[in-house]
Amino acid sequence: DPGYEQARQVHNGLIDKRPAFIARCRTVPDIVDAVSIGREQATEISVRGGGHNVAGLGVTDGGLMIDLAPMKGIRIDPARRTIWAQGGVTWKELNRAAAGHGLATTGGVVSSTGIAGLTLGGGEGWLMGKYGLTVDNLLAVEVVTADGQVIMASAEHHPDLFWALRGGGGNFGVATCFEYRAHPVSTIYGGMVAHPVGRAREVFGFYGDLTQEAPDELTVYMSLFASPDAPDETMVAMVACHCGDAASAEADLKPLRQFGPPASDLIQPMPYPVINTLSDGGYPAGAFNYWKSAFLSDLSDAAMEIMVDAMHRCPSPMSGLGIVPYLGAVARVETAATAFAHRAPGYSLLIASQWTDQRETEQNIAWAKQTFEALRPCMTDRSYVNNLVAEDGRKVHEVWGANYQRLVTVKRRYDPGNVFRLNHNIEP
C-alpha cells in the first residue's frame, strides 16, 4: 500500500524492519481481530504506540505489526482530575489537552514520545519529584490479552495485572487506553542553565547537593552535550522544572541561577506543556540511535571524570549523557508496590549515542559501549527498561530486580504462550 513505508518506520533510524502485515487499528475490536489473526498466522507480533522506543520493538520483521497510531481519543474529567487517553496518543497531545483544564501528569520529556510505551515501562518526567513516575499516577488500563479478551485492569479489577502493567512493559497484552490521575499544574518555572565543561567538577558537586536538598516541587536533570555554537566544546547543563507557586519557585531556583555564574540562563515561567518540548530538537525522528542505561548511587568525582572524558572522545556532536534524579516522591514508593522496582534514591544515567551518517554507525555504537564499560565501577545493578536497546533487555534482573518472579507469575496467567514476546521479554 502507498502508506506502508511510512507506517513501518519508527523514531530510531537504525531500525529497518519490514512487517508482512500492518494492522492500523481504529477501535478496540480492531485490536481484538488483529491479535486473533496474529496468534493464528504470524511468526511474531509487534505493538506500535508512538514508535519512540529506542530498541525499535514496535515493528517486526516479517510478522504482524499492530499499529495504534490512529487511536487518538483523549478525555479530561476536570471534576475528578483524571485523564483518559488511547494508546496512539503522544505526550504532546495529552499535555495540550490536559493543559486546557489547568491539569498535568508526569510524562515524557520529548513530546513526540507515545504515552503507551513510556507508561508501561515506568515513565520518567518533569513532575516526578512531586508526583512520582507515570505509573504512580496510573489508575486503570484497558488491555486486549493474548486470547482476545478485553480487560479493564485497576486496583479493584485484575489487580495482579494492573500491578504488572505499571513497569512490566508490553509483556501482558495490547494496552488500548490509559486512565491517569491529574494534578493542578499550569505554569511551571524552568529551563536550562549551562556551564563550560572546564567547571564540571564544581557543577557536579553543586548538582549533587542541590538535588539532595531540593523540595519535591523542583526536579533538576543534568546533561553533558556538545555546544550548538561550537560542536568541539562540551557544555554541562542543569535543566530544572519547578511546579510550585511563583514565590517558592523564585526562592528555590535562586541558588541554581546564581551558581557559577552560568554561561547561559534560560530559566523562565512557561506553560507546563512547553518544557516537554525543549528537548525535541535534540532527538530528531530518523536519526540513528544507540543507547545504554544504568543507575548511579551517587555522583562521584570518578564518574564525573569518566563522563567528561567520554564527551571529549565522542564521535558525534548529537550524542550526550543525561542524569535524572530518583528522589522525592519516586523514592517514597515501596519497591513491591508496582512492577517498577527502582525506588532506592539515586540517579538514572542515559548514554545516548546519536548520529545521521550510516557510515559512522560502528564508531558511534562503540563509543556508547566503551563509555558504559568505563562507568561500570560507578554503577548499581539497575537499568531503566525504556532506555534499553534490544540486546540489553535480556538483563531481566537488572530491569525488574526483586519483582521479576512475580512478573513471571502474572505472565503465565495472561500470556502463557508468550504471544507478546517482541519486548524486553518476561518469559513465562
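Quick caveat, the model's predicted, so the values are computed rather than measured.
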Derivation and outcome, ring pair (Phe, Tyr, Trp, His ring centres under 6.0 Å), residues His342 and Phe295: CA-CA 9 Å; His342 307 318; Phe295 277 77; 4.9 Å; yes

Verdict with reasoning, Asp136 to Arg343, per salt bridge (charged side-chain N to carboxylate O under 4.0 Å, His left out): CA-CA 12 Å; Asp136 300 328; Arg343 302 296 185 167; 2.7 Å; yes

Met71 vs Ile31, side-chain contact (heavy atoms from CB on, under 4.5 Å): CA-CA, chis, key distance, verdict: CA-CA 11 Å; Met71 299 181 68; Ile31 298 173; 3.7 Å; yes

Derivation of the side chain to side chain donor-acceptor pair (under 3.5 Å) call for Thr361 and Trp355: CA-CA 8 Å; Thr361 293; Trp355 63 102; 3.2 Å; yes

Criterion side chain to side chain donor-acceptor pair (under 3.5 Å) on Asn137 and His183, from CA distance to verdict: CA-CA 10 Å; Asn137 295 281; His183 309 279; 2.7 Å; yes

Steps toward side chain to side chain donor-acceptor pair (under 3.5 Å) verdict (Ser111, Asp280): CA-CA 7 Å; Ser111 72; Asp280 288 4; 2.5 Å; yes

Stepwise side-chain contact (heavy atoms from CB on, under 4.5 Å) check, Phe206 with Met238: CA-CA 10 Å; Phe206 172 81; Met238 293 175 278; 3.8 Å; yes

Working for salt bridge (charged side-chain N to carboxylate O under 4.0 Å, His left out), residues Arg18 and Glu5: CA-CA 9 Å; Arg18 306 187 70 85; Glu5 285 299 322; 2.8 Å; yes

Verdict with reasoning, Leu299 to Ile323, per side-chain contact (heavy atoms from CB on, under 4.5 Å): CA-CA 10 Å; Leu299 301 176; Ile323 292 173; 3.9 Å; yes

From CA spacing to verdict: side-chain contact (heavy atoms from CB on, under 4.5 Å), Met65, Arg48: CA-CA 7 Å; Met65 176 179 171; Arg48 182 193 191 278; 3.0 Å; yes

Glu427 vs Lys411, salt bridge (charged side-chain N to carboxylate O under 4.0 Å, His left out): CA-CA, chis, key distance, verdict: CA-CA 7 Å; Glu427 296 185 7; Lys411 177 76 170 179; over 6 Å; no

Salt bridge (charged side-chain N to carboxylate O under 4.0 Å, His left out) between Arg332 and Asp216, worked out: CA-CA 11 Å; Arg332 290 195 289 270; Asp216 290 353; 2.4 Å; yes

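For Phe225, there are no ring-ring contact (aromatic ring centres under 6.0 Å, His included) partners, not counting sequence neighbours. In this structure, the salt bridge (Lys or Arg N to Asp or Glu O under 4.0 Å) partners of Glu179, at least two apart in sequence or on a different chain, are Arg80.
Of the possible donor and acceptor atoms, none in the side chain of Arg413 sits under 3.5 Å from a partner among the backbone N and O of Thr409. A donor-acceptor pair is defined here as one N or O able to donate and one able to accept, closer than 3.5 Å; such a pair exists between the side chain of Arg421 and the backbone of Asn418. In this structure, Asn364 contributes its side chain and Ala366 its backbone to no donor-acceptor pair below 3.5 Å. One N or O on the side chain of Arg257 and one on the backbone of Ile267 form a donor-acceptor pair closer than 3.5 Å. Side chain of Gln354 to main chain of Gly282: a donor-acceptor pair is present (N/O by atom type, distance under 3.5 Å, no hydrogens or angles). Although no hydrogens or angles enter the test, the distance criterion places a donor-acceptor pair under 3.5 Å between the side chain of Asn403 and the main chain of Thr338. A distance-only check finds no donor-acceptor pair linking the side chain of Asp77 to the backbone of Arg81 [under 3.5 Å]. Within the 3.5 Å criterion, the main-chain N or O of Ser383 finds no donor-acceptor partner in the side chain of Asn387. In this structure, Thr134 contributes its side chain and Gly123 its backbone to a donor-acceptor pair below 3.5 Å. Although no hydrogens or angles enter the test, the distance criterion places a donor-acceptor pair under 3.5 Å between the side chain of Arg412 and the main chain of Pro428.
Screening Thr105, Val89, Ile83, Leu120 for a side chain to side chain contact (heavy atoms under 4.5 Å, CB included) involving Ile115 leaves a single residue, Val89. For the ring-ring contact (aromatic ring centres under 6.0 Å, His included) test with Trp126, the passing option among Trp91, Tyr131, Tyr189, Tyr221 is Tyr221; the others fail.
Taken from CZ in Arg181 to CG in Leu139, the straight-line distance is 5.0 Å, to the nearest 0.5 Å. Atom-to-atom distance recorded for Arg8:CZ and Asp61:CG is 9.0 Å, nearest 0.5 angstrom. The line from OG of Ser293 to NZ of Lys395 is 9.5 Å long, rounded to the nearest 0.5 Å. Here CG of Asn12 is found 8.5 Å from CZ of Phe288. Values are rounded to the nearest 0.5 Å. Taken from NE2 in His242 to CD in Glu217, the straight-line distance is 5.5 Å, to the nearest 0.5 Å. Taking CG of Asn95 as the start and OG1 of Thr90 as the end, the distance is 8.5 Å to the nearest 0.5 Å.
Residues Met379 and Asp381 fail the side-chain proximity criterion, which asks for heavy atoms closer than 4.5 Å. Counting heavy atoms from C-beta on, the side chains of Ser186 and Tyr272 never come closer than 4.5 Å. Between Met270 and Ile275 the shortest side-chain heavy-atom distance falls below 4.5 Å. Val35 has its side chain within reach of Phe420: a pair of non-hydrogen atoms, C-beta onward, lies under 4.5 Å apart. Between Leu388 and Val54 there is no side-chain heavy-atom pair separated by less than 4.5 Å. Between Asp298 and Leu296 there is no side-chain heavy-atom pair separated by less than 4.5 Å.
Remark: the Tyr414 side chain and the His158 side chain contain an N/O donor-acceptor pair separated by less than 3.5 Å. Donor-acceptor pairing under 3.5 Å is recorded for the side chains of Asn289 and Trp291. Between Ser348 and Glu124, the side chains place a donor N or O and an acceptor N or O closer than 3.5 Å (distance only, hydrogens not considered). Counting only N and O atoms by type, the side chains of Ser112 and Tyr283 include no donor and acceptor under 3.5 Å apart. Side chain to side chain, Tyr180 and Thr119 meet the donor-acceptor criterion of an N or O pair below 3.5 Å. Neither side chain, His424 nor Asn171, offers a donor N or O lying under 3.5 Å from an acceptor on the other.
A 6.0 Å sphere centred on CD of Glu373 holds more than 12 heavy atoms belonging to other residues, nucleotides or ligands. Environment of CZ in Arg359: sparse, with no more than 12 heavy atoms of neighbouring residues, nucleotides or ligands closer than 6.0 Å. Environment of NZ in Lys92: sparse, with no more than 12 heavy atoms of neighbouring residues, nucleotides or ligands closer than 6.0 Å.
In this structure, Trp400 and Tyr404 have parallel ring planes: the angle between them is below the 30° cut-off, well short of the 60° mark.
Under a cutoff of 6.0 Å and an axis angle of 45°, Arg199 and Phe259 form a cation-pi pair.
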